[in-house]
Enquirer: 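The structure follows.
All chains are named by letter (A, B, ...) in the order of the sequence lines, taking the proteins before the strands, and each is independently numbered beginning at 1.
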Amino acid sequence: MKLATWNVNSLKVRLPHLLGWLRDAEPDVVALQELKMQDEAFPHEAIEAAGYTAVCNGQKTYNGVALLAKKPLVLQDVVRDIPGFEDAQKRVIAATVDGIRVVSVYVVNGQAVGSEKFDYKLRFLAALNDYLHEELATHEQLAVMGDYNVAPTPEDTHDPLQWEDGILCSPAERAALQGLCDLGLTDAYTKPFLPDGRFTWWDYRMAGFARNLGLRIDHILLSAALLDWVREWKVDLNPRRLERPSDHAPVIVTL
DNA sequence: ATGGTCGGATGCCGA
């Protein structure tokens with residue numbers, strides 16, 4: 001079973017990349033983020049033709065998330081957004097596939113430490129914590145996959161001196177991510193699995209990818225029942241090397 | 001045309 005997460009940064013622009021990558025990587029379950037499109041525009045037909053079924057929680061211009069499952073797998077008990085958390089932004093969708101509860105999440109970027117958006121990021125992560133607490137109580141097998149916009153440790157940045165205490169790396173953000181793990185979730189990333197490096201995002205500016213000026217901010221968190229089954233964690237750099245790529249690369253965990 | 005580069009939507013904003 002291959003679980004994957006990918007921030008595509010506009011599904012409209014990246015649809016050819018997504019279809020090619022589904023063919024090459026053959027993931028079983030995919031969490032997508034930053035669709036930047038409404039539900040009516042979601043390319044169900046092309047994704048069905050590629051052998052996948054999909055559910056989405058879209059939004060115009062910003063955000064938007066989806067879950068894909070390789071047929072004949074089906075996505076059941078779909079829940080959109082964080083129940084009870086008032087939020088106009090579409091950042092969460094959950095479903096059950098083959099007995100596993102999967103969540104696609106696009107955590108708030110936060111812009112700058114101390115900003116209004118930073119405050120929203122921390123409130124979002126607190127609400128996500130409450131939600132995942134409930135999900136863990138009802139689903140033994142839980143996989144929470146997405147763009148967390150948090151680099152867990154200094155090693156997860158290309159330049160700790162530059163990034164430390166800034167946005168994506170501040171103590172408050174790292175504590176919030178650790179808070180999710182304290183619920184009973186574990187980052188599937190483990191250091192022996194580094195065939196193509198550990199970074200998942202590179203800024204478009206200043207030739208970030210060519211110089212490998214990256215961060216590890218996309219994660220797959222697993223409940224204990226799934227963690228024992230992890231065989232491999234990897235970043236798939238192939239889509240990031242294409243013309244007009246997303247600024248993120250997919251993370252794939254093989255169970 | 002909009003900071004550096006993208007994407008999307010305008011007369012920049014968010015990342």
Side-chain angles (χ1 to χ4, degrees), chain A residues 5-21 31-43 46-47 56-66 81 87-93 104-125 128 145-152 156-159 161-170 172-174 176-177 198-219 235-251:
Chain A
T5 183
W6 190 13
N7 179 325
V8 292
N9 187 18
S10 171
L11 184 53
K12 183 182 174 185
V13 172
R14 231 65 67 192
L15 182 60
H17 288 18
L18 174 64
L19 297 175
W21 174 73
L32 300 178
Q33 301 86 36
E34 277 209 271
L35 307 183
K36 296 186 174 180
M37 63 167 50
Q38 291 170 300
D39 288 346
E40 304 82 67
F42 191 88
I47 286 171
C56 63
N57 190 14
Q59 181 184 336
K60 190 182 177 185
T61 311
Y62 305 116
N63 312 310
V65 289
D81 307 319
D87 191 355
Q89 303 191 11
K90 301 301 186 184
R91 298 180 172 278
V92 176
I93 189 167
S104 178
V105 59
Y106 176 46
V107 173
V108 179
N109 173 284
Q111 196 172 55
V113 176
S115 68
E116 210 166 286
K117 289 183 182 124
F118 185 76
D119 181 59
Y120 167 45
K121 182 176 195 172
L122 296 183
R123 283 188 290 109
F124 178 88
L125 283 164
L128 184 65
M145 317 194 275
D147 177 0
Y148 286 77
N149 270 314
V150 180
D156 299 311
T157 75
H158 65 91
D159 184 353
L161 283 179
Q162 176 193 325
W163 285 93
E164 223 49 14
D165 297 328
I167 194 64
L168 314 183
C169 299
S170 70
E173 291 164 85
R174 284 177 172 164
L177 180 59
R198 62 196 183 282
F199 301 144
T200 65
W201 170 84
W202 303 258
D203 201 316
Y204 284 127
R205 291 168 286 190
M206 298 175 288
F209 183 65
R211 299 159 64 199
N212 200 26
L213 307 180
L215 300 183
R216 191 174 73 87
I217 56 176
D218 299 87
H219 310 301
V235 179
D236 188 348
L237 293 180
N238 291 320
R240 190 65 178 80
R241 294 189 177 109
L242 299 173
E243 290 292 321
R244 238 186 146 186
S246 168
D247 46 353
H248 295 252
V251 173

Enquirer: Heavy-atom count check: over 12 atoms from other residues, nucleotides or ligands less than 6.0 Å from Q162(A) CD?
Expert: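 It does: Q162(A) CD has more than 12 such atoms within range.
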Enquirer: Between dA1(B) and dG14(B), how far apart are the two P atoms, rounded to whole Å?
Expert: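 These two P atoms come out 23 Å apart once rounded.
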Enquirer: For F118(A), what residues pass the ring-ring contact (aromatic ring centres under 6.0 Å, His included) criterion, not counting sequence neighbours?
Expert: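 With neighbours one apart ignored, the set is empty.
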Enquirer: Quick one: does any side-chain atom of N57(A) pair with a main-chain N or O of K90(A) as donor and acceptor, under 3.5 Å?
Expert: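 Answer holds: no.
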Enquirer: Can you tell me, in whole Å, how much space there is between the P of dC6(B) and that of dG11(B)?
Expert: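 Here dC6(B) and dG11(B) have their P atoms 23 Å from each other.
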Enquirer: Name all residues meeting the salt bridge (Lys or Arg N to Asp or Glu O under 4.0 Å) criterion together with D39(A); count only those two or more places apart in sequence or in a different chain, and write none if there are none.
Expert: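 So D39(A) forms no salt bridge (Lys or Arg N to Asp or Glu O under 4.0 Å) with any residue.
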Enquirer: How many Å lie between CG on L213(A) and P on dT5(B), as a whole number?
Expert: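 Those two atoms, CG and P, are 14 Å apart.
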Enquirer: Answer yes or no: is there a side-chain heavy-atom contact under 4.5 Å between H248(A) and N9(A)?
Expert: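 No; the side chains remain at least 4.5 Å from each other.
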Enquirer: Rounded to whole Å, please give me the gap between CG in L15(A) and C1' in dG7(B).
Expert: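 Whole-Å distance recorded here is 16 Å.
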Enquirer: Can you measure L32(A) atom CG to dG7(B) atom P for me and round it to whole angstrom units?
Expert: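 Roughly 17 Å, once rounded to whole Å.
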Enquirer: Sequence neighbours excluded, which residues qualify as salt bridge (Lys or Arg N to Asp or Glu O under 4.0 Å) partners of R198(A)?
Expert: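 R198(A): no salt bridge (Lys or Arg N to Asp or Glu O under 4.0 Å) contacts found.
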Enquirer: Taking Watson-Crick and G-U wobble pairs with both distances under 3.5 Å, convert DNA chain B into its dot-bracket string, 5' to 3', dots for unpaired and | for cross-strand pairs.
Expert: ((..[[[[)).]]]]
Enquirer: Regarding K60(A) and E40(A), does a basic nitrogen lie under 4.0 Å from an acidic carboxylate oxygen?
Expert: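 Salt bridge: no.
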Enquirer: Expressed as a whole number of Å, how far does the P atom of dA9(B) sit from that of dT5(B)?
Expert: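 Nearest-Å result for dA9(B) against dT5(B) at atom P: 22 Å.
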Enquirer: Nearest whole angstrom, please: distance from the P of dT5(B) to the CZ of R14(A).
Expert: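 In whole Å, dT5(B) P lies 16 Å from R14(A) CZ.
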Enquirer: With distance as the sole criterion, is a donor-acceptor pair present between the side chains of K121(A) and N109(A) under 3.5 Å?
Expert: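 Distance-only check fails for K121(A) and N109(A).
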Enquirer: Mark up nucleotides 8-15 of chain B, 5' to 3', with B wherever a protein heavy atom is under 4.0 angstrom from a base atom, S wherever such an atom reaches only the sugar-phosphate, and - elsewhere.
Expert: SS----SB
Enquirer: In this structure, how many angstroms lie between the C1' atom of dG7(B) and the CD atom of Q59(A), rounded?
Expert: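 To the nearest whole Å, that distance equals 14 Å.
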Enquirer: If the condition is ring-ring contact (aromatic ring centres under 6.0 Å, His included), which residues does F124(A) pass it with, not counting sequence neighbours?
Expert: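 Not a single residue meets the ring-ring contact (aromatic ring centres under 6.0 Å, His included) criterion with F124(A).
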